[in-house]
Structure formats: C-alpha cells, structure tokens
Student: 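Please read through the structure below; I'll follow up with questions.
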Number of protein chains: 2
Amino acid sequence: MTRTKYDKIYRDLKDKIENKVYAYQDLLPSEYTLVEQYECSRNTIRRAIANLVSEGYVQSLHGKGVRVIYDPYQQAEYILGGVETFKESSIRNKKVYGTKVVCFQELIVDKEINKMTSIPEGTEIYYIQRLRLLDEKVLIIDHNYFRRDVVKHLTEEIANGSIYEYIENELGENIVTTKRFMTVEKANVNDEKYIGLNGYNCVAVINNYTFNAKGIMFEFTQSRHKPDSFVFFDQAQRIKKH
Amino acid sequence: MTRTKYDKIYRDLKDKIENKVYAYQDLLPSEYTLVEQYECSRNTIRRAIANLVSEGYVQSLHGKGVRVIYDPYQQAEYILGGVETFKESSIRNKKVYGTKVVCFQELIVDKEINKMTSIPEGTEIYYIQRLRLLDEKVLIIDHNYFRRDVVKHLTEEIANGSIYEYIENELGENIVTTKRFMTVEKANVNDEKYIGLNGYNCVAVINNYTFNAKGIMFEFTQSRHKPDSFVFFDQAQRIKKH
DNA sequence: TGGTATTTGTCCGTATGTATC
DNA sequence: GGATACATACGGACAAATACC
C-alpha cells in the first residue's frame, strides 16, 4: 500500500488534530514551517491542507494561518458522511455490526426499476435486499441493484459480507464517485416488518448512485434507515464573494 | 466582482456541461488542449477540473480523460446541497419564496441552549424563529441562534429578508464553513402548527454550525423540514486504495 | 506481445498578489 | 511600511495508466 506524499502528510496532520496535538481553535504551523518539517514543496503541503479543509478539520485564513475547527465534542456517534461503508463506520464507532441477506435475485431492468435506478432497461442486474444490524438491532434495510456486466459472479455468501470489499479487492474496481439523495418516506410494510420504528411512521431514505473508475454507474442502492438512529454529517464551504 | 482565472474556467466548463456542449458520458478535451484554449497553465486547468469533480460534474480517469457524469435527468427539484441559501435555491428552482418571522428575541445562552448549540454559556445571542415558504406552503421552520458579538445590530426587518445577505454585504463577513448534521425527529406542537405534515408524524431536521472567516462559530441553526418535500443532495469521492 | 504516444497524477521551484498583524 | 502567511499562477519533470499500432 504505497501512498502519496501529500496523503501521508494529510493523514499525519489529521491524526495530530484528532489527538489534540493541534487542538480546536489552534493555528497549524505555517505552510513554510510544514515544508521544512515534512521536507517537501509548498504545493504538497497545500494539497494536504486542502483535504483537511474539505473534511471540515481546518479552515484557511488568508494572511493569518490555518485554524483547527475539528471539535471532538461535536462529533456524533453515527457519522455516515463521506463514502464510508457500513462496516468501516461500525468499526470506527466500536459497535458490533451484522448483515443479513433477506433476498438475492438476478433480474432484468424493467420500466419501474429503470425509473428508480436510472439503469437502462434490459440490463441484467443483481437485486439484493439486506438488513444492517448494529448491536443486534436493525438500523438499515438496503436494496442493492448491481449491474452484472460490471459486478460479476456475486453470490449470496459474498453479500453476507461486505460487497464493497469484494468489488475493491477481488474485482480490482475502484469505487470513485457517489451521488446521494436523502429524503424521508412513509414506512412500508417491509420497513415495519424489520425495523423497530419506535412510534415513527416513516424512515430516512438515501438513494445512492455509484460510479466506478471508468465513469459507469454500476450500482444503485436505496438505504432505508431507522429514523431515531439516523444521523448524516455534511461539511461544506461557501464560495467567497469579493 | 473580479474572479480568478481558475474560477472563470470552472464556471465556463460547468456552463458547457449543463448546456450539453459536453454531454453526459463525454470526455472533456484533454488538459493540454484546454491549456491552449484558455491560454493558461496546466495547474490552472487542473484546479478548475478539481472543482467540477468535487461537485460531481465530472470524473477524472487516469490515462484516459475526464468524463462528464452530470446527468440533467437525475437532478432533483429541491437540491439543497452545498452551502446555498434558501433564497438562492428558490430562485434557481424558479419558485416563489417567502420568509415570515415568528419570533425575534435577544437572549443569553443558558445550559440548555449551550447543550444544543455549543455556544458558550453567558454569550449574548439573537434567537429568531422563521417560517420558510415556497409557493405559499411552509416548507421549513428555522430556529437561528446568532452570536451578538459577531452579528451586530440585527433587526426583525433584516430577518424578514436574507440574514446571510446582510451578514455578507453589510458586515463584510465571509461565511466560509458549515457543518451539518441531519436527523429525523418526531414533530412537536410547533411543527404541527405551521407545517402541513401530510400524515407524517415527524420532520427532517438539519442542525447547522456556521464558522466565519476568523474560524469562530457564530451561528447555530436548526431547520425543521416538511418531510415530503425534503431532498438533500450529497456527492463524495472514495479515496483510492492501491 | 511490445513499443510509442496520449492523458492524467504527483511533485518541485519560483514569482507575484493580497490579507493580517 | 515591513514582516509574515496564505492565494494564485506559471513552467517543468517524471510517474503511471490507457490507447493504439
């Protein structure tokens, strides 16, 4: 696992911020200081910092420095931001996770599925329905639609583990981009069957479009979340107006 | 409004993608071709492209080119992604928007407010409750908490317009970073009073922490959304594992 | 199968502009 | 005004992935 220089610096700085070597509201050492510390060019430092900015760890202040705005106190338990798999976020939050495959089918995209997934009609797909459990409670029902011409030889056994791990490790596909739309929908019979709704009559829904390294949308996933344990984190910069 | 070179190129490319000069699944002209077209360095082109990548317009394919993955068909009506104000997104979606101030108060942060907002106890704040309407329907109830030492001289009149416009134009503050947590909560009496819930017993909640250019968190806003017209868009890249 | 051209990715050094103190 | 620090922009070099002959 060879990493790039800027990625190493980015991870090191991130680690130091999380461990309060650089604490909330501190300024990082100046770019030129970091250039000397890491023995690299200023561009490389700036790139590492740019990554931290995009993840909401720091904020650049023109003429002043780079301020840490990562506040451990504000970090919620079930952060799902970025493109993190269920397993990864479970591990990070030190919970016991589980997956249960409820349905595993090979289908051909019809009009209805095309409308929902944007996958062309007639395409051969896998349709998988999975329950995602955390500490033995069902938190999410996932409905996966994978293009069979991209994700080949999927089995129920693989689906019981992490499909993304399979795709990345076995098929060598690099998942690169995802687009997500979050909405709130009334709970259907299937939701009520599996999810403890705690008096809610709805679920949080994430519709997820995934593009592989070739720019082909090869997956659509609808995740239906238990509403009272759903948290989505997002971080954004507003473009300055001069 | 002087803009940077890379920003102009970014906007021009974005415009061409939206108008299908470069259509879905096309490759952009190569970086060196764009260097000649825009008469600039390759770094400048790469920066413009990086912005398009981060907004989910294109995807870079090593050794191959830059593919357009912006699909007009997939764009939802009420996209609220990025840091876009209610007014801006209303205009973009060609709707008649409105704002109504329900409550305007000057308060001092107590324990309860501190727990919710992370603003230190004892800080002087404005508390404003506003209804956000689109085509005369209440879509959002906003609860704003502004630090008075940063946002000075706020009035009910200003709150009736765009507070962000006021902050940016009048106070010269550049809003730079926001962190958001999205959850689903049971509707309270206040929600039921104003929002047409259409049979839902809950609302979509966005808790929003805003940092100004000095890195100070000067605002907390809780937005409670009508669940059946809430859509949140998000776009993310997964870091490659080699 | 292999070599070459193309295209994006990483990294460096330098110069100039602009904001803060 | 001067020193410091981030922002923009240029140009060059080499690596890595892909396409094509």
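Any value given below was found using the heavy atoms of this structure, including those in side chains, with hydrogens, waters and symmetry copies removed. Just so it is clear: chains get the letters A, B, ... in the order the sequence lines come, proteins before strands, and each one is counted from 1.
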Student: Looking only at side chains, do A:Asn144 and A:Thr221 share a donor and an acceptor under 3.5 Å apart?
Tutor: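 Yes.
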Student: Across nucleotides 6-15 of chain C, 5' to 3', mark each nucleotide with B, S or - according to how protein heavy atoms within less than 4.0 Å reach it.
Tutor: -BBBBSBB--
Student: Distance check needed: C:dT20 C1' versus A:Arg67 CZ, whole Å only.
Tutor: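 My rounded result for the distance is 12 Å.
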Student: What distance do B:Tyr70 atom OH and B:Tyr57 atom OH have between them, rounded to the nearest 0.5 Å?
Tutor: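 Output value for this atom pair is 4.5 Å.
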Student: Flag yes if more than 12 heavy atoms outside A:Gln105 fall under 6.0 Å of its CD atom; otherwise flag no.
Tutor: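 Enclosed: over 12 neighbouring heavy atoms sit under 6.0 Å from CD of A:Gln105.
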Student: Checking B:Lys111 against B:Glu121 for the salt bridge (charged side-chain N to carboxylate O under 4.0 Å, His left out) test, could you report, in this order, the C-alpha distance in whole Å, the side-chain angles of both residues, the deciding distance, and whether it holds?
Tutor: CA-CA 6 Å; B:Lys111 214 159 207 166; B:Glu121 257 184 89; 5.2 Å; no
Student: With a cut-off of 6.0 Å (strictly less than), are more than 12 heavy atoms of other residues, nucleotides or ligands near NZ of B:Lys20?
Tutor: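 Not buried by this count: 12 neighbours or fewer within 6.0 Å.
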Student: For B:Glu106, does the CD atom have more than 12 heavy-atom neighbours from other residues, nucleotides or ligands under 6.0 Å away?
Tutor: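 Yes, because the 6.0 Å sphere around CD of B:Glu106 holds more than 12 heavy atoms from other groups.
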Student: What is the distance, rounded to the nearest whole Å, between atom CG of B:Asn51 and atom C1' of D:dA9?
Tutor: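 It works out to 15 Å between those atoms.
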Student: Taking the axis from the first five pairs and the axis from the last five, what angle separates them in the helix from C:dG2-D:dC21 to C:dC21-D:dG2, rounded to 10 degrees?
Tutor: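 The angle, to the nearest 10 degrees, is 10°.
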Student: Starting at atom CG of B:Leu27, determine the distance to atom C1' of D:dT18, rounded to an integer number of angstrom.
Tutor: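 About 12 Å, once rounded to whole Å.
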Student: List the residues meeting salt bridge (Lys or Arg N to Asp or Glu O under 4.0 Å) with A:Arg42, not counting sequence neighbours, and say none if there are none.
Tutor: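 For A:Arg42 the salt bridge (Lys or Arg N to Asp or Glu O under 4.0 Å) partners, ignoring immediate neighbours, are A:Glu31.
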Student: How far does OH of B:Tyr145 sit from CZ of B:Phe220, to the nearest 0.5 angstrom?
Tutor: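 Result: 7.0 Å between the selected atoms.
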